[in-house]
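Data block below; observations after.
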2 protein chains.
Amino acid sequence: MTVDVVILTITDEQLSVLLIRRGGAPYQNHWALPGGFKHPDETLDQAARRELREEAGIDAPAHLAQLQAYGDPGRDQRTNVVSIAYLAVVRDLAAPAPGGDATEAKVFPVSQSLAARVRLAFDHKRILKDAVDRVGAELEHSGLATAFVGPTFTLSELRSVYETVWGTPLDAANFRRSLISSDARFVESTGQTAPPGPEGGRPPELFRSTPQWNTGSPVKRSRKKGDDDPGR
Amino acid sequence: MTVDVVILTITDEQLSVLLIRRGGAPYQNHWALPGGFKHPDETLDQAARRELREEAGIDAPAHLAQLQAYGDPGRDQRTNVVSIAYLAVVRDLAAPAPGGDATEAKVFPVSQSLAARVRLAFDHKRILKDAVDRVGAELEHSGLATAFVGPTFTLSELRSVYETVWGTPLDAANFRRSLISSDARFVESTGQTAPPGPEGGRPPELFRSTPQWNTGSPVKRSRKKGDDDPGR
DNA sequence: GTAATAGTGTCTATTAGACATTATCCC
DNA sequence: GGGATAATGTCTAATAGACACTATTAC
């Protein structure tokens with residue numbers, strides 16, 4: 001019984017994942033998801049948090065949720081082990097700190113990690129793929145997007161999360177309306193504004209996520225002409 | 001590593017679950033979900049199917065999907081074990097056939113099984129609760145409803161599934177349009193009609209589910225006045 | 001002033017939801 | 001015929017989506 005954690009963040013307008021490399025063992029040339037054995041006296045969530053802390057140096061992910069269990073025989077050459085995959089979403093991942101088993105930790109763009117030529121350890125590529133699909137689907141029905149940004153954020157920042165994950169441009173005006181109006185109510189204005197960027201522009205309003213951010217369906221993914229559905 | 005299966009069906013207009021009783025062990029006075037240890041040479045899905053067959057006598061569930069893993073320490077008095085919960089949906093559950101460890105198998109209405117006075121073994125009540133929530137949510141976004149009915153079905157039958165699971169009456173006319181029109185396309189007419197019931201009435205059209213029944217969002221759950229949201 | 005970004009207003013096509021009407025069976 | 005169930009038609013309010021316009025900053 002192991003727990004593997006898919007740690008996602010956005011760097012340079014790209015959805016990215018933290019991968020580690022371990023010494024020894026098979027797959028020592030492969031990158032892998034951080035993870036390890038669950039201790040008998042901890043919950044699954046606690047095990048995921050511990051692995052986050054030990055192997056990636058992350059203490060407080062903005063979002064942590066169980067994804068799925070993987071138990072195909074042969075998914076791990078060494079032992080027959082079932083793994084519970086977790087999804088963690090964090091905001092800053094500038095300097096990943098490897099620890100525990102991990103000798104190296106690095107952030108890769110998801111698109112690159114899923115490329116055919118790249119080899120990840122075990123069935124971690126499949127897990128990563130599933131995690132990314134899940135995030136895309138969940139953005140449509142929850143406030144998960146706010147986990148990618150800071151405690152306060154502008155709507156442009158939040159919209160950028162959607163656009164990055166979905167790979168689709170969104171209309172800024174309609175995006176704003178979707179979030180503000182209706183019963184969604186998963187962001188609220190702080191009343192403050194942020195300073196504009198170096199390019200100038202009107203100072204944006206600062207928002208925070210509301211406690212009930214995990215209900216409702218804030219934004220709809222547009223499915224229009226020529227939209228090659230990547231599946232769910 | 002065990003696999004537990006929540007087997008849901010609809011009997012007498014009620015969402016119902018199959019529970020079993022085992023001899024010996026603790027909790028021998030409690031009803032429990034069918035399940036057991038995963039074998040090293042099988043996948044999780046195969047383990048779930050095997051338990052379905054061995055303990056409940058079910059060979060081909062209309063729907064089988066993984067739900068979630070449960071691993072709180074203390075959830076099982078005897079051993080510290082992580083359990084992967086599965087959801088199975090079947091159509092007929094008239095004569096449940098206990099086998100293997102199970103000495104008794106019976107179908108209970110979900111509402112009754114979740115009542116405060118009823119005690120289920122381990123954390124099975126929580127698992128059942130989670131499963132029911134999931135089904136309710138998934139009806140809104142997939143064709144899962146068709147798993148509750150036969151290979152061909154009338155729209156009244158299908159609508160009844162939604163109404164039973166959600167506990168809300170749906171407008172027959174709008175229901176039909178939701179399914180037929182738009183891009184959902186998760187049911188199609190067989191061109192045939194079924195004989196009307198003993199009360200008479202126009203003979204209903206027979207439908208079948210399409211292969212891509214697990215995409216799209218066929219019907220929306222109406223959230224109107226005084227709708228006490230049960231949460232997701 | 002221009003360029004850039006944020007936010008508002010408005011129009012149209014689509015859709016949900018309510019409800020009336022027609023169709024086809026049983027008795 | 002009357003009663004029951006299935007299917008179709010129609011209207012209204014709400015919403016998605018497109019896009020023009022105003023507001024506030026940097027330069």
Side-chain angles (χ1 to χ4, degrees), chain A residues 13 139-141 149 152-163 166 168-207 216-227, chain B residues 13 139-141 149 152-163 166 168-207 216-227:
Chain A
E13 306 272 306
L139 281 197
E140 213 159 348
H141 301 290
V149 295
T152 65
F153 47 86
T154 68
L155 291 188
S156 291
E157 289 171 349
L158 194 62
R159 180 163 48 84
S160 171
V161 172
Y162 282 89
E163 293 176 333
W166 287 348
T168 319
L170 294 174
D171 184 284
N174 296 333
F175 181 82
R176 184 188 183 84
R177 241 191 311 276
S178 300
L179 294 191
I180 304 302
S181 78
S182 89
D183 50 353
R185 282 295 188 81
F186 85 112
V187 298
E188 59 186 15
S189 171
T190 62
Q192 300 179 312
T193 58
E199 305 274 275
R202 176 169 170 174
E205 216 172 336
L206 275 175
F207 288 80
S217 62
V219 183
K220 267 201 181 164
R221 189 176 343 200
S222 68
R223 299 204 179 284
K224 296 193 309 182
K225 51 179 180 180
D227 189 352
Chain B
E13 307 272 306
L139 281 196
E140 214 160 345
H141 301 291
V149 295
T152 65
F153 46 86
T154 67
L155 291 188
S156 290
E157 289 171 350
L158 194 62
R159 180 163 48 85
S160 171
V161 172
Y162 281 89
E163 293 176 333
W166 288 348
T168 320
L170 294 175
D171 184 285
N174 297 332
F175 181 82
R176 184 187 184 83
R177 241 192 312 275
S178 300
L179 293 193
I180 304 301
S181 77
S182 88
D183 50 352
R185 282 292 189 80
F186 86 113
V187 299
E188 59 188 14
S189 172
T190 64
Q192 301 180 312
T193 58
E199 305 274 276
R202 176 170 173 173
E205 215 172 338
L206 275 176
F207 288 79
S217 63
V219 183
K220 267 202 182 166
R221 189 177 340 199
S222 68
R223 299 204 179 284
K224 297 193 309 180
K225 50 179 180 179
D227 189 352

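Because the structure is predicted, anything quoted here is derived from the model rather than measured. So you know, we letter chains A, B, ... as the sequences are listed, proteins then strands, and number each from 1.
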- Query: Does the C:dT10 base have a donor-acceptor partner in the side chain of A:Arg177 within less than 3.5 Å?
  - Reply: yes

- Note on the structure: When every non-hydrogen atom of B:Thr152 is compared with those of B:Glu157, the smallest separation belongs to O-OE1, 4.4 Å

- Item | DNA chain D-proximal residues of residues 193-201 of chain A, any heavy atom under 4.0 Å | A:Pro196, A:Pro198, A:Gly200, A:Gly201

- Message: In this structure, how many angstroms lie between the C1' atom of D:dA6 and the CG atom of B:Leu179, rounded?
- Response: 14 Å

- Item | Exam field: side chain A:Thr190 to backbone A:Leu206, donor-acceptor pair closer than 3.5 Å | yes

- Query: Heavy atoms under 4.0 Å, any strand shown: does A:Ala172 hit a base, just sugar-phosphate, or nothing?
  - Reply: nothing

- Item | Candidate nucleotides D:dT25, C:dG7, C:dA6, ranked by approach to the side chain of A:Leu155 - the nearest | C:dG7

- Message: For C:dA23 and B:Arg202 - does any side-chain N or O of the residue sit under 4.0 Å from the phosphate oxygens OP1/OP2?
- Response: no

- Between A:Asn174 (CG) and C:dA13 (C1'), how many Å, whole number? 13 Å

- Spacing of A:Leu158 atom CG relative to C:dG7 atom P, expressed in whole Å: 12 Å

- Message: Taking B:Asn174's backbone N and O only, do any of them form a donor-acceptor pair with B:Ser178's side chain (distance below 3.5 Å, no angle check)?
- Response: yes

- Item | Interatomic distance, B:Arg176 CZ vs D:dA6 C1' [rounded to whole Å] | 7 Å

- Please work out if A:Ser156 contacts a base, only the sugar-phosphate, or nothing of the nucleic acid, heavy-atom cut-off 4.0 Å. sugar-phosphate

- Looking only at side chains, do A:Glu205 and A:Ser189 share a donor and an acceptor under 3.5 Å apart? yes

- Item | Nearest atoms (heavy-atom pairs only) where B:Val161 meets B:Val149 | CG2-CG1, 3.8 Å

- Gap between atoms CD1 and C1', on B:Ile180 and C:dT15 respectively (whole Å): 16 Å

- Find the distance B:Glu205:CD to C:dT24:C1' and express it as a whole number of Å. 13 Å

- Task: Could you state the atom-to-atom distance from CG of A:Asp171 to P of C:dT8 in whole Å?
- Result: 14 Å

- Query: Tell me, do B:Phe207 and B:Leu158 make a side-chain contact under 4.5 Å, heavy atoms counted?
  - Reply: no

- Query: With distance as the sole test, does A:Thr168 use its side chain to make a donor-acceptor pair with the main-chain N or O of A:Trp166 at under 3.5 Å?
  - Reply: yes

- Note on the structure: To the nearest angstrom, the CD-C1' distance between A:Gln192 and C:dA6 comes to 17 Å

